[in-house]
Peer 1: 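What follows is a structure written as structure tokens; I'll ask about it next.
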Amino acid sequence: MKVTLSVIKADIGSLAGHIKPSAKLMETVKEYVAKEGKELLIDHYVGFTGDDIFILSSHVQGVSNSKVHELAWNAFLAGTETAKKQGLYGAGQDLLSDSFSGNIKGMGPAVAEMEFEERANEPFLLFTADKTDPGAYNLPLYLSFSDPMHNPGLILSPKINQGFTFTVMDVSYTEADRVIDLNTPEDLYNLAALLRDNERFVVEKIVARSSGEQATAASTTRLHHIAGKYVGKDDPVLLVRTQGSFPAAGEILSPYSIGHYVAGFMRGSHNGPFMPVTQNEATSFFDGPPMVSCLGFCVQEGRLTEPVDCFAQPFWNYVREKVSRKAVELREQGFSGPAMLPYSELEYGGIVTIMEQLEERFKER
Ligand code: F6R
Ligand code: MG
Ligand code: MG
């Protein structure tokens, strides 16, 4: 059977700042999807990471389906009403349009979707991140799908050994979707040359060369390109099918032990280490650190199992300690050098005014 997995997420308001949604807000979104999605969806799961609520759904409507997108949009609108009533901070923040226009992409919320023929057993992982942007997944995806240091399947499994096709998007290009397909292992160095620049190039999807099957789907939107100003970081979502001709679940999870530095953190304008967290976690230190949670499911005839919380296992406590240390170490140098993003990536416009004012005070000697 052909099934579609859709994950759509938005920040529509949170407690005490950009920390986490209220219980009532979560309840509103959950109830809306359960009631209004009854006919349309086969199954769904609603959760949050930091201040972002995600709706995972399974259905047979295909990707970019206007009804599925509209359901999510309306669920976020219903949530926004609750957020406003409760006086939550940033109510409706990511809903950048006044009315729904057929596809939720480009309207604020992040979307990742994939349609595929279900295998006899169909395991997959859902990653949801907060206080960062889509390029945060570049390094983990590169390592999981092309480096035997994290994926021994590349030397042990004939299916994996044939490599993968990465579709990479130039997200700074706003006229259209500008993409390139690169095949591993031949294009490995070309891939690295692009993926080192997380703010410009983002892995949109990966396909297994042995089976032609799609392994991953990621959200690629950059909000400030849509709104033309800072309206929050993009907080990306990612779906990854596992096992068989795809990497094993543990090979996908392995690179998250690094806690690599990503863009985001306080005011979306700093670098911070990517912390793997348990499900429904809040942000804290310096509005962060940038965080990622991962839920593992199986899907059969569109029915989802309960999730396993992949970063809850005790191993990740050690990683969280390490990442905390990395966060504090970089924070010790405050605004200096690599602690903050370059001028072009700063998410707040205020710096432009400061620079303009200073301009007048400069003298040539
Ligand atoms: C970063 C983020 C927060 C806010 C910060 C200030 O993505 O969401 O760090 O930027 O809390 O928020 P505002 O500008 O809404 O007062
Ligand atoms: Mg926010
Ligand atoms: Mg967020």
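Both counts, for ligands and for their atoms, begin at 1 and track the order of listing.
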Peer 1: Could you tell me if Lys326 sits above the aromatic ring of Tyr261, with its cationic atom closer than 6.0 Å to the ring centre and no more than 45 degrees from the axis?
Peer 2: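 Here Lys326 passes the 6.0 Å and 45° test against Tyr261.
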Peer 1: If every non-hydrogen atom of Val323 is compared with every non-hydrogen atom of Gly259, which pair is closest and at what distance?
Peer 2: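 Closest heavy-atom pair between Val323 and Gly259: CG2-CA, 3.8 Å.
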Peer 1: State whether Asp130 contributes an N/O/S atom found under 2.8 Å from the Mg ion (ligand 2).
Peer 2: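 Under 2.8 Å: Asp130 has no N, O or S contact with the Mg ion (ligand 2).
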Peer 1: To make sure I understand the geometry: which N, O or S atom in Asp235 is closest to the Mg ion (ligand 3)?
Peer 2: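 Nearest N/O/S atom: OD2.
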Peer 1: From the N, O or S atoms in Asp51, identify the one nearest to the Mg ion (ligand 2).
Peer 2: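 Of all N, O or S atoms in Asp51, the Mg ion (ligand 2) lies closest to OD2.
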Peer 1: So is Tyr89 close enough to ligand 1, meaning a heavy atom under 4.0 angstrom away?
Peer 2: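 Per 4.0 Å heavy-atom rule, Tyr89 contacts ligand 1.
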Peer 1: One residue to check: Phe265. Relative to ligand 1, which of side chain, backbone, both or neither has a non-hydrogen atom less than 4.0 Å away?
Peer 2: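 Within the 4.0 Å criterion, Phe265 contacts ligand 1 through backbone atoms alone.
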Peer 1: Tell me whether Asp51 has any N or O atom under 3.5 angstrom from an N or O of ligand 1.
Peer 2: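 No, no N or O pair falls under 3.5 Å.
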Peer 1: So if you build clusters from Ile, Leu, Val, Met, Phe, Trp, Tyr with side-chain heavy-atom gaps below 4.5 Å, do Leu239 and Met1 land together?
Peer 2: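 Leu239 does not cluster with Met1.
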Peer 1: If I take every N, O or S atom of Asp11, is at least one of them less than 2.8 Å from the Mg ion (ligand 2)?
Peer 2: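 It does: Asp11 brings an N, O or S atom closer than 2.8 Å to the Mg ion (ligand 2).
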Peer 1: Throw together a table of side-chain donor-acceptor distances under 3.5 angstrom for residues 175-185, partners on residues two or more places apart or in other chains.
Peer 2:
| unit_1 | atom_1 | unit_2 | atom_2 | d |
| --- | --- | --- | --- | --- |
| Arg178 | NH1 | Asp170 | OD2 | 2.6 |
| Asp181 | OD1 | Thr167 | OG1 | 2.7 |
| Asn183 | OD1 | Thr165 | OG1 | 2.7 |
| Thr184 | OG1 | Phe164 | N | 3.0 |
| Thr184 | OG1 | Phe164 | O | 3.1 |

Peer 1: By the side-chain hydrogen bond (donor to acceptor under 3.5 Å, both in side chains) test, which pairs, at least two apart or in different chains, include something from residues 243-254?
Peer 2: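 Those involving residues 243-254 are His150-Ser254, Ser211-Ser245.
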Peer 1: Considering only heavy atoms of Tyr348, which atoms of ligand 1 have at least one such atom less than 4.0 Å away?
Peer 2: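 Heavy-atom distances to Tyr348 below 4.0 Å select 4 (C), 5 (C), 6 (C), 10 (O), 12 (O), 13 (P), 14 (O).
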Peer 1: Find all atoms of ligand 1 within a distance of less than 4.0 Å from any non-hydrogen atom belonging to Met266, and give their numbers and elements.
Peer 2: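 Heavy-atom distances to Met266 below 4.0 Å select 9 (O).
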Peer 1: Which pair of heavy atoms, one from His69 and one from Ile8, lies closest together, and at what distance?
Peer 2: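 Minimum heavy-atom contact is CD2-CD1, 3.9 Å.
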Peer 1: Determine the minimum heavy-atom distance between Asn161 and Leu154, stating which atoms define it.
Peer 2: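 Looking at all heavy atoms of both residues, the closest pair is ND2-O, 2.9 Å.
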Peer 1: Restricting to N, O or S atoms of His18, which is nearest to the Mg ion (ligand 2)?
Peer 2: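 In His18, the N, O or S atom with the shortest distance to the Mg ion (ligand 2) is ND1.
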Peer 1: For the backbone of Asp130 and the side chain of Asp52, can you confirm whether one donor and one acceptor N or O come within less than 3.5 Å of each other?
Peer 2: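 The answer is no, because no donor-acceptor pair under 3.5 Å joins these two groups.
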Peer 1: Which N/O/S atom belongs to Asp52 and is the closest one to the Mg ion (ligand 3)?
Peer 2: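 It is OD2 of Asp52.
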Peer 1: When you measure from the heavy atoms of Gly268 to every atom of ligand 1, does any distance fall below 4.0 Å?
Peer 2: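 For ligand 1, residue contact (heavy atoms, under 4.0 Å) with Gly268 is present.
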Peer 1: Heavy-atom distance under 4.5 Å between the side chains of Phe274 and Leu139, does that happen here?
Peer 2: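 Sidechains of Leu139 and Phe274: no contact.
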Peer 1: When you look for heavy atoms under 4.0 Å from ligand 1, do you find them on the side chain of Arg267, its backbone, both, or neither?
Peer 2: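 Both the backbone and the side chain of Arg267 come within reach of ligand 1.
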